[in-house]
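Shown next, in structure tokens, is the structure this report addresses.
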Amino acid sequence: MTHETPVTPFGARLRAAMDSRGPLCVGIDPHAALLASWGLDDDIAGLETFSRTVVEALADSVAVFKPQAAFFERFGSRGIAVLERTVADARAAGTLVVMDAKRGDIGSTMAAYAETFLSPGSPLFSDALTVSPYLGYGSLAPAVDLARRSGAGLFVLALTSNPEGAEVQRAVRSDGRSIGATMLAHLAAENAGAEPMGSFGAVVGATLGDLSSFDLDINGPLLAPGIGAQGATAADLPAVFGAAVGNVVPNVSRGVLGHGPDPAALRAAAAGFAAEIRAAIPSA
């Protein structure tokens, strides 16, 4: 299946989706324990049922889905086929798809990763892709360039919620700026002048507490994992993100998915998180 190139950049399409549906992003993370809790086998049939149920239950109400590629890739080619269908079904239903694949490499290899997820002719073409910049931000150039051409976006790992991330992201360069702050500065430069919002976002954990020492005003989206099972709440968002909170895309996975397989329960859980976000962020 192929898709036409979006005529509007990802940042503008995301802003419109956030304004109309609220900023909630729901992960599609079919790990073995979650399949079991749904009464499904850890096999292709279980994977297919899980993914289809999530998309059918929520595609008309949430702004963004974020499938975690690894949980599909572990099944080999058959799992990738399910991922292709999940992406196509979600996008056909009008929900933006951020592929959580965290790719990062150099040269032609990075270009191949970009073509897999950001080329409109690819069966895995997604609205945006998570990428790792820790071979140097410049290594992401093939993905940045293709995202611009195809109307897609990127989410660059900047300040992640896992404790191990700090040893790299909080490390200080010779110019006195941390690695994480450097990534945010690169993204601000990519998004300069974009209206209403740039297409190059950062992944910034909602569990990190006060981030006032970082300039989060990158004129782009901030994908915020950590709401729900990881301990952060919607009420924490203004304190963590400050003036940039209006561009935050809170991600919830287990907090919603744990209510399956009943579609009504999934919808109720997503609606509950969306209401909490609207209460915490009046502009949401």
**OP:** Quick one: pull up CG in N219 and CG in N247 and give me the separation to the nearest 0.5 Å.
**Re:** 7.0 Å
**OP:** Take F200 and V156, measure what side chain to side chain contact (heavy atoms under 4.5 Å, CB included) needs, and give me the verdict at the end.
**Re:** CA-CA 8 Å; F200 300 94; V156 177; over 6 Å; no
Original post:
Between the side chain of S61 and the main-chain N/O of L58, is any donor-acceptor distance below 3.5 Å?
Top reply: yes
Original post:
Can you check whether E48 reaches R85 side chain to side chain, under 4.5 Å on heavy atoms?
Top reply: yes
Subject >> Min side-chain heavy-atom separation F125-R91 under 4.5 Å >> reply: yes
Original post:
Is the shortest distance from a Lys or Arg side-chain nitrogen in D127 or R13 to a carboxylate oxygen in the other one below 4.0 Å?
Top reply: yes
**OP:** Nearest 0.5 Å please: distance from the CZ atom of R148 over to the CG atom of L146.
**Re:** 12.0 Å
**OP:** Working to the nearest 0.5 Å, report the span between CG of L257 and OG of S37.
**Re:** 9.0 Å
Original post:
Is the side chain of T109 donor-acceptor paired with the backbone N or O of D105 at a distance under 3.5 Å, no angle test?
Top reply: no
Original post:
Salt bridge between D215 and R177, side-chain N to carboxylate O under 4.0 Å?
Top reply: no
**OP:** Please report the closest heavy-atom contact between A32 and R74, naming both atoms and the distance.
**Re:** N-NH2, 3.6 Å
Original post:
Side chains of D100 and Q68: do they bring a donor and an acceptor to under 3.5 Å?
Top reply: yes
**OP:** Mind checking the CG-CZ spacing from L159 to R170? Nearest 0.5 Å is all I need.
**Re:** 5.5 Å
Original post:
Can you hop from V55 to F71 via hydrophobic side chains spaced under 4.5 Å?
Top reply: no
Original post:
Just by distance, do the side chain of S139 and the backbone of G136 share a donor-acceptor pair under 3.5 Å?
Top reply: yes
Original post:
Can E73 and R103 be counted as an ion pair, charged N to O under 4.0 angstrom?
Top reply: yes
Original post:
Where do A114 and A143 come nearest, in terms of heavy atoms and distance?
Top reply: CB-CA, 3.8 Å
Original post:
So W38 and F50, would you call those rings parallel, tilted or perpendicular, with 30° and 60° as cut-offs?
Top reply: tilted
Original post:
Quick one: are L237 and I281 in side-chain contact, heavy atoms under 4.5 Å?
Top reply: yes
**OP:** Using a 4.5 Å cut-off on heavy atoms from C-beta on, say whether the side chain of V256 contacts that of F273.
**Re:** yes
**OP:** Among V240, L222, I277, find the residue that satisfies the side-chain contact (heavy atoms from CB on, under 4.5 Å) test when tested with V248.
**Re:** L222
Original post:
Do the side chain of N251 and the main chain of A224 share a donor and acceptor less than 3.5 angstrom apart?
Top reply: no
Original post:
Charged N to carboxylate O below 4.0 Å: is that the case for R149 and D145?
Top reply: no
Subject >> Value rounded to 0.5 Å, distance of CE in M99 from OG1 in T116 >> reply: 10.0 Å
**OP:** Please confirm whether the backbone N or O of K102 pairs with a side-chain atom of T130, one donor and one acceptor, at under 3.5 Å?
**Re:** yes
**OP:** Consider only side-chain heavy atoms of I, L, V, M, F, W and Y, link residues closer than 4.5 Å, and tell whether Y113 and Y134 are in one cluster.
**Re:** yes
Original post:
So with a 6.0 Å cut-off around CG of L135, is the heavy-atom count from everything else above 12?
Top reply: yes
Original post:
Which pair of non-hydrogen atoms, one from G104 and one from M110, has the smallest distance, and what is that distance?
Top reply: CA-SD, 3.9 Å
Original post:
Quick one: which of V249, N162, V203, T207 gives a side-chain contact (heavy atoms from CB on, under 4.5 Å) with P225?
Top reply: V203
**OP:** Taking the side chain as every heavy atom from C-beta outward, state whether L47 and D43 have any pair of such atoms under 4.5 Å apart.
**Re:** no
Original post:
So, do L118 and L154 sit near enough that their side-chain heavy atoms are less than 4.5 Å apart?
Top reply: yes
Original post:
Would you say the side-chain atoms of S126 pair up with the backbone N or O of A128, donor to acceptor, closer than 3.5 Å?
Top reply: no
Subject >> Donor-acceptor contact present, side-chain D236 to main-chain A232, <3.5 Å >> reply: no
**OP:** Please confirm whether the backbone N or O of A194 pairs with a side-chain atom of N191, one donor and one acceptor, at under 3.5 Å?
**Re:** no
Original post:
For V204 and L223, what are the C-alpha separation, side-chain angles and deciding distance, and is it a side chain to side chain contact (heavy atoms under 4.5 Å, CB included)?
Top reply: CA-CA 6 Å; V204 179; L223 183 63; over 6 Å; no
Original post:
From L129 CG over to L124 CG, what is the distance, rounded to the nearest 0.5 angstrom?
Top reply: 10.5 Å
Subject >> Chi angles and distances behind the side chain to side chain contact (heavy atoms under 4.5 Å, CB included) call for V64, V26 >> reply: CA-CA 6 Å; V64 183; V26 173; over 6 Å; no
Subject >> Heavy-atom closest pair, residues A234 and A280 >> reply: O-CB, 3.2 Å
Original post:
Is a side-chain N or O of D29 found less than 3.5 angstrom from the main chain of S253, in a donor-acceptor match?
Top reply: no
Subject >> Residue pair G107 / P142: nearest heavy atoms and the distance that separates them >> reply: O-CG, 3.9 Å
Subject >> Validation row: F75, D42 side chains within 4.5 angstrom (heavy atoms) >> reply: yes
Original post:
Do I106 and V168 share a hydrophobic cluster, counting only Ile, Leu, Val, Met, Phe, Trp and Tyr and linking them when any side-chain heavy atoms are less than 4.5 Å apart?
Top reply: no
**OP:** Would you kindly say whether Q169 and S178 are connected by a side-chain donor-acceptor distance under 3.5 Å?
**Re:** no
Original post:
Looking only at heavy atoms, what is the nearest atom pair of S161 and G205, with distance?
Top reply: CB-CA, 3.9 Å
**OP:** For the residue pair F72 and P67, establish whether any side-chain heavy-atom pair is separated by less than 4.5 Å.
**Re:** yes
Original post:
Would F65 and V54 count as a side chain to side chain contact (heavy atoms under 4.5 Å, CB included) if you check the C-alpha gap in whole Å, the side-chain angles of each, and the deciding distance to 0.1 Å?
Top reply: CA-CA 9 Å; F65 282 129; V54 174; 3.9 Å; yes
